[in-house]
Amino acid sequence: MFEIRIICEAADREAVVSGLQSRFDIGPVRSSFSLTSGGERLYITADLPAASTWPTPEDAYALAPSIVREIGWTAQAAAERPFGTAPTREFWLRKAAVLDRIALADEREDAPGDASEAATEAARRLMDLDGAGVIRSPRHYARQQYVRWTKHQ
């Protein structure tokens with residue numbers, strides 16, 4: 001376990017915390033006003049991630065809202081995003097997770113379709129955003145990150 005101290009602009013807080021969540025198992029974020037920079041000081045207790053055992057889909061999505069609700073959330077987040085701004089990490093994570101869940105259902109039913117490709121592409125976008133490098137299965141990465149994200153909600 002270790003402690004991270006970051007001084008950043010208040011507007012960058014979400015991006016900083018999201019980036020740390022993608023790389024470490026972090027605890028609650030404590031913050032205070034930085035007198036020297038006028039920004040915000042963040043104090044975060046973190047651990048290196050556990051050995052890379054990929055969670056099963058059942059474990060990853062045990063606490064997930066319904067697929068219909070997640071589709072609604074991603075559609076609303078896409079529609080409400082100001083023109084010309086990039087989607088947030090949360091958007092790509094939740095989109096990758098819901099598409100993975102749809103693809104898993106299709107795979108169980110041997111239904112032909114593009115759900116698997118769409119899920120893999122969304123997971124790759126999440127990996128690109130996180131700078132995750134090369135991983136054999138982007139969908140496994142999305143599941144791992146979804147577990148971490150739900151743990152901190």
Side-chain angles (χ1 to χ4, degrees), residues 4 6-31 39-44 46-50 52-153:
I4 301 170
I6 297 171
I7 300 173
C8 64
E9 296 296 320
D12 296 332
R13 183 179 202 261
E14 182 183 340
V16 168
V17 172
S18 290
L20 288 171
Q21 281 178 333
S22 72
R23 296 290 184 185
F24 304 105
D25 291 329
I26 68 170
V29 177
R30 301 172 315 278
S31 65
E40 190 172 359
R41 272 191 196 159
L42 306 177
Y43 299 92
I44 303 163
D47 274 323
L48 293 173
S52 284
T53 55
W54 302 112
T56 65
E58 294 78 18
D59 290 339
Y61 304 126
L63 302 174
S66 72
I67 289 176
V68 172
R69 184 172 170 200
E70 284 297 89
I71 290 170
W73 184 92
T74 54
Q76 183 177 0
E80 292 177 350
R81 188 178 77 238
F83 181 75
T85 61
T88 64
R89 180 180 191 278
E90 180 181 3
F91 172 82
W92 283 114
L93 176 63
R94 290 177 75 171
K95 181 176 181 176
V98 74
L99 290 172
D100 184 41
R101 291 168 64 196
I102 292 167
L104 287 166
D106 283 356
E107 290 163 4
R108 279 192 293 271
E109 297 170 8
D110 286 331
D114 297 324
S116 181
E117 289 178 34
T120 300
E121 183 56 33
R124 281 192 184 117
R125 296 291 299 264
L126 174 66
M127 289 173 59
D128 289 345
L129 187 65
D130 289 351
V134 178
I135 294 175
R136 193 173 67 130
S137 175
R139 289 172 58 189
H140 287 157
Y141 177 80
R143 290 175 199 147
Q144 178 192 59
Q145 295 304 305
Y146 192 82
V147 168
R148 289 182 182 166
W149 179 76
T150 55
K151 216 167 54 171
H152 298 289
Q153 292 301 306

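All of these numbers come straight from a predicted model, not from anything done at the bench. Index from 1, following the sequence.
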> Counting N and O atoms only, with roles assigned by atom type, does the side chain of Arg13 sit under 3.5 Å from a partner on the main chain of Val17, one being a donor and the other an acceptor?
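Not at all, since once roles are kept as given, no pair shorter than 3.5 Å links the two residues.
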> Go through the steps for Arg89 and Gln145 under the test side chain to side chain donor-acceptor pair (under 3.5 Å), then give the verdict.
CA-CA 11 Å; Arg89 180 180 191 278; Gln145 295 304 305; 2.8 Å; yes
> Search all heavy atoms of Pro138 against all heavy atoms of Ala123 and return the closest pair with its distance.
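Nearest heavy atoms, Pro138 then Ala123: O-CB, 3.2 Å.
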> Kindly determine whether Asp106 and Ser116 satisfy side-chain contact (heavy atoms from CB on, under 4.5 Å), including the steps that lead there.
CA-CA 8 Å; Asp106 283 356; Ser116 181; over 6 Å; no
> So, for Arg139 and Glu107, which heavy atoms are closest and what is the spacing to 0.1 Å?
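Where Arg139 meets Glu107 most closely, the heavy atoms are NH1-OE2, 2.9 Å.
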> Evaluate the criterion side-chain contact (heavy atoms from CB on, under 4.5 Å) for residue pair Leu20 and Ile6; output intermediate values, then yes/no.
CA-CA 11 Å; Leu20 288 171; Ile6 297 171; 3.5 Å; yes
> Apply side-chain contact (heavy atoms from CB on, under 4.5 Å) to Trp149 and Glu90, showing your working.
CA-CA 9 Å; Trp149 179 76; Glu90 180 181 3; 3.2 Å; yes
> When rounded to the nearest 0.5 angstrom, what is the spacing between CH2 in Trp54 and CG in Asp59?
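It is 14.5 Å, given to the nearest 0.5 Å.
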> Any side chain to side chain donor-acceptor pair (under 3.5 Å) pairs touching residues 62-71, not counting sequence neighbours?
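Residue pairs passing side chain to side chain donor-acceptor pair (under 3.5 Å), neighbours aside: Glu70-Arg94.
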> What residues form a ring-ring contact (aromatic ring centres under 6.0 Å, His included) with Tyr61, not counting sequence neighbours?
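Per chain and number, Tyr61 pairs via ring-ring contact (aromatic ring centres under 6.0 Å, His included) with Tyr146.
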> Nearest 0.5 Å, what's the CD-OG distance between Gln144 and Ser137?
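The CD atom of Gln144 sits 11.0 Å away from the OG atom of Ser137.
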> Could you give all pairs that pass the side chain to side chain donor-acceptor pair (under 3.5 Å) test and reach residues 120-129, with sequence neighbours left out?
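Found none.
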> If you draw a 6.0 Å radius around CD1 in Ile4, do more than 12 non-hydrogen atoms from other residues or ligands fall strictly inside?
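More than 12 within 6.0 Å, yes.
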> Please name the pair of heavy atoms, one in Leu126 and one in Ala142, separated by the smallest distance, quoted to 0.1 Å.
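Minimum heavy-atom contact is CD2-CA, 4.1 Å.
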> Quick one: closest heavy-atom pair of Ala60 and Val147, and the distance?
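That closest heavy-atom pairing would be CA-CG2, 3.4 Å.
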> If you define the side chain from C-beta out and look only at heavy atoms, does anything of Pro57 sit under 4.5 Å from Arg101?
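Side-chain contact under 4.5 Å: no.
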> Run the numbers on Leu99 and Thr74 for side-chain contact (heavy atoms from CB on, under 4.5 Å), then give the verdict.
CA-CA 11 Å; Leu99 290 172; Thr74 54; over 6 Å; no
